[in-house]
2 protein chains.
Amino acid sequence: MNAPRDERAHRILDTAGALILRWGYDKTSIDDIARTAGVAKGTVYLHWKSRDALFVALLRRERVELLGEVVEQLAGTPSPATLPDLLKHFALAVLRRPLLKAVLLRDMSVIGKLARRERGDEARDRLQDGFVRYLKELRELGLVRADVTMGAQASLVASLMVGFFVAPPMMPKALSSSEDELADLLADTVRRAFDPGKRQSKADIEAGSRATRRYVEDALETAHQKLAIALSGPQAADEEVQR
Amino acid sequence: MNAPRDERAHRILDTAGALILRWGYDKTSIDDIARTAGVAKGTVYLHWKSRDALFVALLRRERVELLGEVVEQLAGTPSPATLPDLLKHFALAVLRRPLLKAVLLRDMSVIGKLARRERGDEARDRLQDGFVRYLKELRELGLVRADVTMGAQASLVASLMVGFFVAPPMMPKALSSSEDELADLLADTVRRAFDPGKRQSKADIEAGSRATRRYVEDALETAHQKLAIALSGPQAADEEVQR
DNA sequence: CGATGACCGAATGAGCTCATTTGGTCACGA
DNA sequence: TCGTGACCAAATGAGCTCATTCGGTCATCG
C-alpha cells in the first residue's frame, strides 16, 4: 500500500532482528530498536500495538524469506522436486537464519522468556499439518513406502531435522563435517528411508514434484498473508480472526 | 569386596536416583538421601567424598546397567549383530532410564545447575571415540559405505539419536507413534543410509557382528571399571588417575 | 572401628527496598 | 495528518538482610 511506511516498517524489523540476535529478546527494548532504527518510540507503536506483535511480524518476515528461498531452490533445477530435496534446502535455509533457528530450538539465550510460552509455534503446527497431507500424497502416488505408519515417518523427519540442528554443536571438532555435506547426507538418508522399493512411473514422479512445490508454495502463500496482516498496522489482531 | 557395605552403597544410590528424579538434583540434599535410605548423613561420606562424587557413581551405575542391557539384547538373538540393531537397543534402553536421558538432553529440571558445566560428559566422549573406531571397522569390512566421510556419518548417527529423544515430545499427539515402532524405523533408516550397495560375504557379516559386540562389551567393561572406582570409597579420585 | 548426628562455615533463597528501565499512551507541534 | 518524546504506571533488577538449609567434618558412642 504505502511505500515509505512499509520501508520504515522493514527498517524497524531489520534493526529489531539485529539487536535481538546480539542482545537477546529480553534485553532489547522498544526504545533501543526505535533509536537504532532512527525513529521515535511512538512511531513503532504506529506499526504494532505491542512489543510481542513486533516480534511476531519479525518472525513472519523471516518465515516468508525462508520459504521463498526454498521455493527458489526447488525451482532452480529442471529435475523433479522431491521430498529429500525439500528437506535439504529447508535445513540449509534455516541454518542461514539464526533467529528462526533460535525459535525452532527454543534457545533461551536469544528468545528469552518467550522460550517457555505454553502456546507452541502456531506456524510450525500449520507447516506440520501441511506436511502430513503432503506425505499422504506421496504415499498414494507410490513415491514413499506405505508399510510404515505416517506418524512414525513424520516423527522420523522431525527427528532428523531437529538432530540436524542440535547434534553438530555437540560433536567433537575432529568429527565435524561441513553443513552442506551433512545436508546432502540428510537428504540421501530420507531418500533411502522412504524408498518404496517399487519402480516409479515418470508421471507419478512429476505428480510428486508438483505436490512438493505446491506444499512449499502454499506454505509461502499463507506466510505471506500472515505477514501482510502483521504489517498492516497496530490493529492487526482484528484481521487475524479470519483465517 | 565387602557385601553389606556394597549393598548399602547401592541402597543409597537407589534412593538418590529416585529423589533426584522426583525433585531434581538442586533440591535433593545429602540429608534427604541419607534419611530416606535409612542411614545417617555421615555414613554417606564413608562412601563418597562429596555430593558430586555420589552423583557420578549414580550415573556410572546407570551406564553399566544400560550397556549391560544392550549387550544382553544383542546376545539374545542368534542372528549377527549389526549397527542398526545396536542403535535401536541403545535408544530404547536410554528411554527406559530417565536419569541418563536427562543427562543426555541436559534437562535442567532434573540435573539442575550441573546442566551447564563446561566439561562435557567424559563418558560420552569415550563412547564416541569407540564408535568412530567401530565405524571404521565396518567400513573396512565393506559393511558400511565408504563414499561419505566418517565425520558426516558420525554426525548423522548423532542427529538421529538426539532427534529420537528430542523430537517426539514436540510432536502433536495425533501423530505420535509408539517408541518401539519409531526405534524400528530408526534402525531401518540407519541400515539403508549406511548400506554399501555391494553384496557382503557371510564372513564379513560375522566379523561385523563381532566388532559390534566387542564395541559394546568394551564400553561395558570400561564402565564397570569406572563404577568400581566410584564405589571403592571416599578416596576414589586417587585411583582415577590411572586410566 | 564403623556409624552417628551435633556442629560449623558457607551457600541459598525468600523477602524487602528503591532506583532505573520498560512498555505503552497521548498532548503537542511540525 | 503524521511523527515525536515527555510522561506514567508497572516491571525489572541490583543490592541488601537474615533465617534457613546445606555440604562436609569430627568428637563421641556403641
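In what follows, every chain begins at residue 1, and chains take the letters A, B, ... in the order their sequences are listed. From a predicted model like this one, the values you see are computed outputs, not experimental measurements.
A:Leu46 has its CG atom 14 Å from the P atom of C:dG24, to the nearest Å. Atoms NZ (A:Lys41) and C1' (C:dG23) sit 6 Å apart, rounded to a whole Å. Atoms CD1 (B:Ile12) and C1' (C:dG2) sit 13 Å apart, rounded to a whole Å. Going from atom CG of B:Leu54 over to atom C1' of D:dC22 covers 15 Å, rounded to whole Å. Look at CH2 on A:Trp48: it is 18 Å from C1' on C:dT22, rounded to the nearest Å. Atom CG of B:Asp52 is separated from atom C1' of D:dG24 by 13 Å (rounded to the nearest Å). Between the CD1 atom of A:Ile30 and the P atom of D:dG5 there is a distance of 16 Å, given to the nearest Å. Rounded to whole Å, atom C1' of D:dG3 lies 12 Å from atom CZ of A:Arg11.
For the pair A:Arg8 and D:dC2, the criterion of a side-chain N or O lying under 4.0 Å from OP1 or OP2 is not met. For D:dT4, one of the phosphate oxygens OP1 or OP2 lies less than 4.0 angstrom from a side-chain nitrogen or oxygen of A:Thr43. Put simply, B:Lys113 has a side-chain N or O that comes within less than 4.0 Å of OP1 or OP2 on C:dT12.
Here the nucleotide nearest the side chain of A:Arg51, chosen from C:dG23, D:dG23, D:dT4, is C:dG23. Checked against D:dA6, C:dG5, D:dT4, the side chain of B:Ala40 finds its nearest nucleotide in C:dG5.
Comparing B:Asp26 and A:Ser50 against DNA chain C, the residue whose closest nucleotide sits nearer the 5' end is B:Asp26. Heavy-atom distances to DNA chain D give each of B:Tyr45 and A:Lys27 a nearest nucleotide, and the one nearer the 5′ end belongs to A:Lys27.
A donor-acceptor contact under 3.5 Å is not formed by the side chain of B:Lys49 with the base of D:dG24.
With a 6.0 Å radius and a threshold of 12 heavy atoms from other residues, nucleotides or ligands, A:Glu72 has its CD atom at or below the threshold. Taking a 6.0 Å sphere around CZ of A:Arg133, one finds it holds 12 or fewer heavy atoms contributed by other residues, nucleotides or ligands.
Using a cut-off of 4.0 Å between Lys/Arg side-chain N and Asp/Glu carboxylate O, B:Asp218 and B:Arg126 are scored as not salt-bridged. A salt bridge between A:Arg63 and A:Asp121 is present, with a side-chain N of the basic residue lying under 4.0 Å from a carboxylate O of the acidic one.
Residues A:Leu220 and A:Leu66 fail the side-chain proximity criterion, which asks for heavy atoms closer than 4.5 Å.
As judged by a 4.0 angstrom heavy-atom cut-off over every strand, A:Ser29 is placed among residues touching the sugar-phosphate backbone only.
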